[in-house]
Amino acid sequence: MSSIAHFDADAFFASVEQAADRRLRRRPVAVGGGSRGVVCSASYEARAFGIHSAMPTRRALQLCPELTLIRGQFELYERFSGQLFDLCEDFTPHVEQTSIDEGYVDFRGRAGGPEVAIGILRAFDREVSEWLKITVSCGFSSQKRIAQIAGKANKPHGFTIVPEGSEAAFLEPLGLYHLPGLGPVTTRRLGQIGLRSIGDLVRVGPDILYPILGKQAEPLLELARGQDSQPVTTEAPQPKSYGEQETFDRETGDEDQVERDIKGLLENQLRRLRAARQTARTLGIGLRYSDREYAQASHSFPEPSNLDPVFLPRVRVLMKRAWQRRVQVNQIRVQLSNLYPAWIQNDLFDETQLRARRICEVGDDLNSRFGKGSLMRASQL
Ligand SMILES: [Mg+2]
């Protein structure tokens with residue numbers, strides 16, 4: 001039988017802060033924006049006060065005045081993430097990373113069956129606690145998404161095994177929010193007609209669900225019945241970076257023109273990032289000289305973002321840093337990396353960021369409705 005595990009670090013950012021500073025251990029800790037920001041990760045000690053991610057930090061401090069509120073140290077989280085996945089790969093090479101602190105391990109083809117696989121997973125779990133001083137929750141199943149649901153069903157530091165054949169029984173009592181792909185609005189609508197658990201969906205069947213879920217009904221029902229056909233891939237399903245390059249017809253030494261062109265590429269990639277509901281922390285710029293030598297420069301911001309006003313002002317500086325030789329260039333490249341989900345934006349509720357976000361969204365909307373280039377920055381004209 002195939003054996004797949006899902007692991008997910010518990011309260012990752014807050015736990016890393018506690019691991020890095022022992023004074024914070026066993027204390028309520030939240031990582032988030034300043035007084036106008038939101039919480040993006042809360043330790044379990046903070047959750048005991050009702051604090052959760054996306055809550056305004058002001059509210060969190062009202063609930064728990066002794067809360068230690070920390071501005072995110074994303075470089076530190078990336079380092080821990082690298083170590084977490086390195087540890088995992090020491091045990092098995094078949095790891096699919098799906099986010100900074102989550103991934104699948106594919107044990108198919110390994111000798112020894114599920115018992116050996118579970119043993120390996122337990123050893124990984126121990127190593128993480130011992131070396132990184134954070135915990136992961138693991139789920140184990142013969143099917144991919146059921147392993148994911150199992151991994152998240154008993155947090156923190158859960159270890160949930162779903163033996164083959166018992167998938168439907170495992171899912172049956174779980175609340176609908178355990179089903180990946182079911183948004184809060186749909187969950188509420190299903191709740192209004194009395195459907196609260198995954199088992200409820202199976203009981204009422206497609207006739208009741210189709211009007212609410214549409215095309216989503218069939219695959220969701222299949223999953224709810226414990227039949228998941230999703231294959232495990234060891235490549236990341238989402239890109240690890242966003243980038244684009246452009247080759248000029250003719251080489252140029254015109255810095256202003258090159259800067260405008262780089263900004264044009266960057267705006268495209270930021271639009272893609274926003275459409276994918278992601279943010280990036282690192283901007284890289286590359287150019288190729290007419291003698292084919294490459295040069296590049298990059299900058300990592302303290303926090304991830306996907307907003308033009310954050311990234312565009314950096315272009316000139318990076319371009320100058322890369323373009324050291326007095327030789328013309330014939331190719332440019334931009335890359336956005338160190339990606340995070342979009343909800344991790346510390347300044348989500350900060351006034352200036354909010355305005356910048358609205359401007360970007362209006363631009364995205366116009367460009368998608370009337371074609372690319374309907375709205376352009378003055379610098380691009
Ligand atoms: Mg996590």
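In this text, all values refer to a predicted model and were calculated from it rather than measured experimentally. In listed order, ligands and their atoms are each counted from 1.
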Atoms of protein origin (N, O or S) under 2.8 Å from the Mg ion (ligand 1): Asp8 OD1, Ala9 O, Asp101 OD2

Backbone of Gly37 reached by a side-chain donor or acceptor of Thr57 within 3.5 Å: yes

Heavy atoms from other residues, nucleotides or ligands near CD of Gln296 exceed 12 (cutoff 6.0 Å): no

Gln83, CD atom: more than 12 neighbouring heavy atoms under 6.0 Å: yes

Donor + acceptor pair across side chains of Asp10, Ser137 (<3.5 Å): yes

Sequence neighbours excluded, every pair satisfying salt bridge (Lys or Arg N to Asp or Glu O under 4.0 Å) that has a member inside residues 315-344: Glu255-Arg316, Glu255-Lys320, Asp256-Arg316, Glu259-Arg316, Asp291-Arg325, Glu293-Arg325

Phe7/Phe85 aromatic ring centres below 6.0 Å: yes

